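Report on the following structure.
Small disclaimer: the values here were computed from a predicted structure and weren't measured. Chain letters run A, B, ... following the sequence lines, proteins first, then strands; residues in each count from 1.
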There are 4 protein chains.
Amino acid sequence: MSPNRPGRPRDERVDAAILQATRVLLAEAGYAGLTVAAVAARAGIGKAAIYRRYATKQEMVFAATMHGAQVPQPPDTGSLRADLRWLAATITGMIGAPGVGGVLGGLLADMEDEAVATAMRGFAALERATIALILDRATARGELPAAPDPAFVHAVMMGAIFARLHVFGEGDREGFADDLASTVAGGLIHPAGGLPRQGDGTATPG
Amino acid sequence: MSPNRPGRPRDERVDAAILQATRVLLAEAGYAGLTVAAVAARAGIGKAAIYRRYATKQEMVFAATMHGAQVPQPPDTGSLRADLRWLAATITGMIGAPGVGGVLGGLLADMEDEAVATAMRGFAALERATIALILDRATARGELPAAPDPAFVHAVMMGAIFARLHVFGEGDREGFADDLASTVAGGLIHPAGGLPRQGDGTATPG
Amino acid sequence: MSPNRPGRPRDERVDAAILQATRVLLAEAGYAGLTVAAVAARAGIGKAAIYRRYATKQEMVFAATMHGAQVPQPPDTGSLRADLRWLAATITGMIGAPGVGGVLGGLLADMEDEAVATAMRGFAALERATIALILDRATARGELPAAPDPAFVHAVMMGAIFARLHVFGEGDREGFADDLASTVAGGLIHPAGGLPRQGDGTATPG
Amino acid sequence: MSPNRPGRPRDERVDAAILQATRVLLAEAGYAGLTVAAVAARAGIGKAAIYRRYATKQEMVFAATMHGAQVPQPPDTGSLRADLRWLAATITGMIGAPGVGGVLGGLLADMEDEAVATAMRGFAALERATIALILDRATARGELPAAPDPAFVHAVMMGAIFARLHVFGEGDREGFADDLASTVAGGLIHPAGGLPRQGDGTATPG
DNA sequence: TACTAAGCGAGACGGTACGTCCCGTCTTGTT
DNA sequence: AACAAGACGGGACGTACCGTCTCGCTTAGTA
């Protein structure tokens, strides 16, 4: 931690080699087929160098796949629907790669590890900030009477994409992102029977 | 398979004991803590009896948690929103139990096993029939000009619920199902910018 | 047991098929590679038909390899040495086949099974009667002052042959039987330092 | 192998613990009742530590019971008969313990494993050197005209003892070693009908 | 220049689960 | 009641992986 602590400093090439080897092997063998020993061998390092950095295999995988995956700033397209369209494409780009389903699944299975769960939540918060920005813009623009809960929109957008790609194993059908953006935007603007807004319980007339 | 094949027939009580013990131990120890040997011990049977039925631990878990989980008939509530509200509650009831996230995640991680993937898809088809019924009713009722793709609605509904509960680890917030039903129903009825219908590429005016 | 007991009588072809299949598979796979299921399959019968006849796999193997192996009458060659030479050749013929070492070893390893041990002893008694006959003849002939303990001679003759062939894995060297017969006969006739006779403790002067 | 190969070196205490635990459990449960898992548990180590050293259970047992069992130097008693008497007692001490029959039998049954067979032969060579020494002394002493084949004497001595104790299951009768030494010594000195010497085919007159 | 502290590759360690195999018994329907 | 077929409870096998722990060596900063 401290920059000048005694002893030999960590070798940054080792850090990079671990993450790189993890990604390569995830692509080759999938999450279930990934072993720490194989990562070490592929990276040309010892297992101890991995465990000095990550407490568990899951943390290593998380670091290699999620960590630092930053959400880009959304372009202000001028409409909620187009903004959500961009968001859908962005999320698809992040979690759409084959193998990601297995990785996320594996992390999910081990999410009883509180460490992994916390990291996952931290990553979610990043995406939410972006979503909040999109929703605030739409509200300012007058498309929405009040900003809905970003967590709700996040769950719908990301969940739908994840389910289609990785749960049902269906490819990225042309137009899915369009449909999703149109439906969610439409539903937020015209909720059937009223959609309670964040922080208030009143219904919004359709 | 055939009713009168030679030899001692499978003992149905063994089938039941395996599934029951699997469910109990999943609840007790979670997916990661589940052991085939423990299932056998709890069921009072031998490991061979399990492996005679399921090739891997994953298939056993799938059978115990997914297989035969039949989707009930949707009540005709008279409105798409209320039907989707019922659907959201039903899905939540099916996948909302704590631990299911780990199970689904574990299955996902092993979904490179084509067997598990196929079984998953088969299960999805069941839910889709129910969704198609709901959408057809809404169309007949005049709420929707044409029935949307059930697979799309399925992905949105199930994905949103799964993401909220198991990816983000947020509890079943009061009103989440309401919001989801309102938003999706509203979005299907009034898609922003037009929503292509199944089998045609034309946009429907909002 | 009783000739006219009720029910279907045992099928003698099954008895033969079991023993035959056991011998074939012993030759093919050795004792360690022998399984009851394989014997049943090869014999075209069910496992139960085997266990109806033999309580354990060991008993089956014993029956297939040892049982009924009757020791032929020794020709009266006129000299102890020649009689023992014949005995050595006979024993070699009985236990010399490749694979017999493994069978005997396996039986030995399971000889804590009292049943197998008893059967083994019963078989030994047969050989001993033959040896006793040879020794009695030599005594009557005047070659020996008194008949030595047949068990002793049995152990020496059979043990030497077994050790050479199966413990040390040396082939049936030409002349080994000659040497053995000459040495044992010579030693019985001229024991160094005196050899106590059966039933008396006195030494016989050389 | 090489003294300075990389990595953590084998722990010699683990080697010792394995062999010790194997011997203890062989005495307690016999060869058939011996389990690798039980050895590991008793030794307080993991199964992998055993399989890192021995490819199979049989190799482990061999190492624990045979390997390094060194034959002591024979005292020069002054007579072949007394030397063989000492040899008989020594062999009895080595293979006479109850349970050794099962062990040797089990090893024999698995001797199709070439590894075990080779190891067995290596062990035999040790004993033979001792026997060769005894026979050479007797030859030098003038008791024998020429040294017989040590392998022959080895087979007779060891085979007789093994057969008596473990094949026929007879205890170590008082005097058996005496009889054996007297007979073999007498037979070597006065072979009936001539005993071909090592390397020549001529008969020695009695 | 030496000393100290930590990092490094390599791989052994205790532990645990896997999926396979076999034993000896039991349960079908058939002969 | 014996038969062929094969499922059953039980349990050992040998493999694989996890996360920890030594080895001997290297690489900095400190004295």
Hey, mind stepping through D/Leu26 and D/Val61 against side chain to side chain contact (heavy atoms under 4.5 Å, CB included) and telling me if it holds?
CA-CA 9 Å; D/Leu26 274 178; D/Val61 171; 4.1 Å; yes

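Between B/Leu34 atom CG and E/dG19 atom P there is a gap of 11 Å when expressed in whole angstrom units. Going from atom OH of C/Tyr54 over to atom C1' of E/dC23 covers 18 Å, rounded to whole Å. Note: CD (B/Glu59) to P (E/dC18) measures 14 Å, nearest angstrom. Look at CZ on B/Arg53: it is 17 Å from C1' on E/dG19, rounded to the nearest Å. Residue A/Gln58 contributes atom CD, which lies 12 Å from atom C1' of F/dC17 at whole-angstrom precision. In this structure, CD1 of C/Ile18 is placed 11 Å from C1' of F/dC3, rounded to the nearest angstrom. Between the OH atom of A/Tyr51 and the C1' atom of F/dT22 there is a distance of 17 Å, given to the nearest Å.
The list of salt bridge (Lys or Arg N to Asp or Glu O under 4.0 Å) pairs with a residue in residues 41-58 of chain B, not counting sequence neighbours, reads B/Asp15-B/Arg53, B/Glu28-B/Arg42. Evaluation of the salt bridge (Lys or Arg N to Asp or Glu O under 4.0 Å) test over residues 98-109 of chain A, restricted to residues two or more places apart or in two chains, returns none.
Without hydrogens or angle criteria, D/His166 side chain to D/Gly105 main chain gives no donor-acceptor distance under 3.5 Å. Without hydrogens or angle criteria, B/Arg23 side chain to B/Ala64 main chain gives a donor-acceptor distance under 3.5 Å. Proximity of a side-chain donor or acceptor of C/Thr56 to a complementary backbone N or O of C/Glu59 within less than 3.5 Å is detected.
Across residues 35-44 of chain D, D/Thr35, D/Val36, D/Ala37 each have a non-hydrogen atom less than 4.0 Å from an atom of DNA chain F (numbered order). Within residues 8-16 of chain A, the residues having any heavy atom closer than 4.0 Å to DNA chain E are, in order of number, A/Arg8, A/Pro9, A/Arg10, A/Asp11, A/Val14.
Of the candidate nucleotides E/dG14, E/dC23, E/dG7, E/dG7 has the atom nearest to the side chain of A/Arg52.
On a pure distance criterion of 3.5 Å, a polar donor-acceptor pair joins the side chain of D/Lys47 and the base of F/dG14.
Every residue two or more places apart in sequence or in another chain was checked for a salt bridge (charged side-chain N to carboxylate O under 4.0 Å, His left out) with A/Arg10, and none qualifies. Under the salt bridge (charged side-chain N to carboxylate O under 4.0 Å, His left out) criterion, A/Arg13 pairs with A/Asp11, sequence neighbours left out.
Inter-residue side-chain proximity for A/Val100 and A/Thr65 is flagged as unmet; no heavy-atom pair is nearer than 4.5 Å.
Both A/Lys57 and A/Ala48 lie near DNA chain F, and the one whose nearest nucleotide falls closer to the 5' end is A/Lys57.
Across all strands, A/Ile50 comes closer than 4.0 Å to no nucleic acid atom at all (heavy-atom distances).
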